[in-house]
Amino acid sequence: MTTVIWIAVVLLLIGVYLSWTAGRLDRLHARIDAARAALDAQLLRRASATLELATSGVFDPASAMVLYQAAHAARRAPEDEREVAESELSQALRAVLGDREQLTAVSEVPGGPEAVAELAAAVRRVPMARRFHNDAVRAARALRRHRKVRWFRLAGHAPFPMAFDMDDEAPEVLAAYGNGTAAAG
């Protein structure tokens, strides 16, 4: 009789441990979903601020077109092409705003300093949001690699989490503007 009790206790402890692990994995997946939503919001904010600047009329037509097309492509990109489109937007921002004179020209028009500040804030927040998302993905992947998770199928039918890899380097003048080290105008 005591053997049956010990077996029941061991099975109960294993069940509790597996349940706790499944709950932990579920919380990590929820964290990934929340981090992805925050990343999507920051990417949309960056593209919107870029579109606003591109259509403001302060850039030469070629620069305006480069920014507009990159921002529009980033907003409309299908999910499987999103990383590339967002990287191209980062490259377009660096190409057009890589020159302090462009930033000065934008800052001199009415509403320019506010538009530049909004873009600088959005550009600064994208790497942070991407880092939070990728950290959550890394933690979930590490837990999903454990044998107990695979053997007992604790992840259920949740897709394997994928990191969001993109070029998110900000133009130097925008990074300086955002840190308050560059004067607006």
Side-chain angles (χ1 to χ4, degrees), residues 29-141 159-185:
H29 283 177
R31 187 172 138 207
I32 289 170
D33 291 342
R36 180 57 189 243
L39 175 60
D40 287 341
Q42 292 307 322
L43 292 171
L44 180 62
R45 183 177 178 206
R46 179 179 77 152
S48 297
T50 303
L51 281 173
E52 184 180 325
L53 272 177
T55 58
S56 66
V58 297
F59 293 114
D60 61 276
S63 296
M65 186 57 74
V66 165
L67 285 179
Y68 180 83
Q69 287 179 341
H72 185 69
R75 287 179 66 171
R76 301 282 185 214
E79 192 59 37
D80 59 335
E81 298 172 13
R82 185 111 187 258
E83 294 171 349
V84 173
E86 294 293 347
S87 294
E88 289 172 355
L89 177 55
S90 295
Q91 293 165 2
L93 284 168
R94 282 196 308 271
V96 172
L97 295 174
D99 185 5
R100 187 171 303 279
E101 293 165 8
Q102 286 280 20
L103 188 67
T104 303
V106 173
S107 298
E108 290 174 350
V109 299
E114 293 82 13
V116 171
E118 182 180 347
L119 181 61
V123 165
R124 192 172 47 253
R125 288 182 179 141
V126 166
M128 288 186 290
R130 190 175 70 87
R131 195 171 318 123
F132 289 141
H133 175 267
N134 288 348
D135 286 347
V137 166
R138 197 172 304 114
R141 281 180 166 185
F160 196 72
M162 300 302 290
F164 195 88
D165 294 321
M166 64 171 272
D167 174 5
D168 59 7
E169 185 180 340
E172 286 184 30
V173 293
L174 269 186
Y177 188 91
N179 292 332
T181 58

Trainee: Can you list everything that forms a side-chain hydrogen bond (donor to acceptor under 3.5 Å, both in side chains) with D165? Sequence neighbours excluded, please.
Mentor: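 side-chain hydrogen bond (donor to acceptor under 3.5 Å, both in side chains) check on D165 returns nothing, list empty.
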Trainee: Hey, what do you get for CG (L51) to CG (L44), rounding to the nearest 0.5 Å?
Mentor: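 Between atom CG of L51 and atom CG of L44 there are 9.5 Å.
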Trainee: Which value, rounded to the nearest 0.5 Å, describes the distance between L97 atom CG and L67 atom CG?
Mentor: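 Here the interatomic distance stands at 6.0 Å.
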Trainee: Sequence neighbours left out, what passes side chain to side chain contact (heavy atoms under 4.5 Å, CB included) with P159? Give chain and number order.
Mentor: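 Side chain to side chain contact (heavy atoms under 4.5 Å, CB included) check on P159 returns nothing, list empty.
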Trainee: With sequence neighbours excluded, what pairs up with R46 under the side-chain hydrogen bond (donor to acceptor under 3.5 Å, both in side chains) test?
Mentor: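 Testing R46 for side-chain hydrogen bond (donor to acceptor under 3.5 Å, both in side chains), a comparison that skips the adjacent residues, returns E86, S90.
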Trainee: Show the nearest heavy-atom pair for residues A71 and A47, with the distance to one decimal.
Mentor: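 It is CB-O, 3.7 Å.
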Trainee: Is atom CD of Q91 surrounded by more than 12 heavy atoms (other residues, nucleotides or ligands) closer than 6.0 Å?
Mentor: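 Yes, enclosed.
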Trainee: So do V123 and P171 actually touch side chain to side chain, heavy atoms under 4.5 Å?
Mentor: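 Yes - at least one pair of side-chain heavy atoms lies under 4.5 Å apart.
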Trainee: Scan for salt bridge (charged side-chain N to carboxylate O under 4.0 Å, His left out) pairs involving residues 53-78, sequence neighbours excluded, and state none if there are none.
Mentor: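 Matches after skipping sequence neighbours: none remain.
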Trainee: Extract all donor-acceptor atom pairs below 3.5 Å that involve side chains of residues 113-122 and protein atoms in other chains or at least two apart in sequence.
Mentor:
none

Trainee: From R82 CZ over to D80 CG, what is the distance, rounded to the nearest 0.5 angstrom?
Mentor: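 Answer rounded to 0.5 Å: 12.0 Å.
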Trainee: Counting N and O atoms only, with roles assigned by atom type, does the side chain of R141 sit under 3.5 Å from a partner on the main chain of P161, one being a donor and the other an acceptor?
Mentor: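 Indeed, once roles are kept as given, a pair shorter than 3.5 Å links the two residues.
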Trainee: What ring pair (Phe, Tyr, Trp, His ring centres under 6.0 Å) pairs are there with at least one residue in residues 80-116, not counting sequence neighbours?
Mentor: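 Those involving residues 80-116 do not exist here.
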Trainee: At their closest point, which heavy atom of A163 faces which heavy atom of E83, and how far apart are they?
Mentor: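 Looks like O-OE2, 3.2 Å.
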Trainee: Specify the closest pair of heavy atoms between L39 and V126, including all atoms of both residues, with the distance to one decimal.
Mentor: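 That would be CD1-O, 4.1 Å.
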Trainee: Holding to side chain to side chain contact (heavy atoms under 4.5 Å, CB included), I want the full list of residues that pass it with A73, two or more places apart in sequence or in another chain.
Mentor: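 Here no residue qualifies.
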Trainee: Listed by chain and number, what are the side-chain hydrogen bond (donor to acceptor under 3.5 Å, both in side chains) partners of R94, not counting sequence neighbours?
Mentor: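 With sequence neighbours excluded, R94 shows a side-chain hydrogen bond (donor to acceptor under 3.5 Å, both in side chains) to D167, given in chain and number order.
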Trainee: With sequence neighbours excluded, give me every ring pair (Phe, Tyr, Trp, His ring centres under 6.0 Å) pair touching residues 65-123.
Mentor: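 Passing the test, one end in residues 65-123: Y68-H72.
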Trainee: Would you compute the distance between atom CG of L93 and atom CG of L174 and round it to the nearest 0.5 angstrom?
Mentor: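 L93 atom CG to L174 atom CG measures 7.0 Å (nearest 0.5 Å).
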Trainee: Can you list the residues that meet the salt bridge (charged side-chain N to carboxylate O under 4.0 Å, His left out) rule with D135, with sequence neighbours excluded?
Mentor: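 Checked D135 against salt bridge (charged side-chain N to carboxylate O under 4.0 Å, His left out); matches are R138.
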Trainee: Counting heavy atoms not belonging to M65, are there more than 12 under 6.0 Å from its CE?
Mentor: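 No, the 6.0 Å shell around CE holds no more than 12 heavy atoms from other groups.
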Trainee: Please find the pair of heavy atoms, one from V109 and one from V106, that lie closest to each other, and give the distance.
Mentor: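 Here V109 and V106 meet closest at CG2-O, 3.1 Å.
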Trainee: Using the salt bridge (charged side-chain N to carboxylate O under 4.0 Å, His left out) criterion, which residues pair with E79? Sequence neighbours excluded.
Mentor: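 R36.
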Trainee: For N134, enumerate each residue passing the side-chain hydrogen bond (donor to acceptor under 3.5 Å, both in side chains) test, keeping only those at least two apart in sequence or located in another chain.
Mentor: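 side-chain hydrogen bond (donor to acceptor under 3.5 Å, both in side chains) check on N134 returns nothing, list empty.
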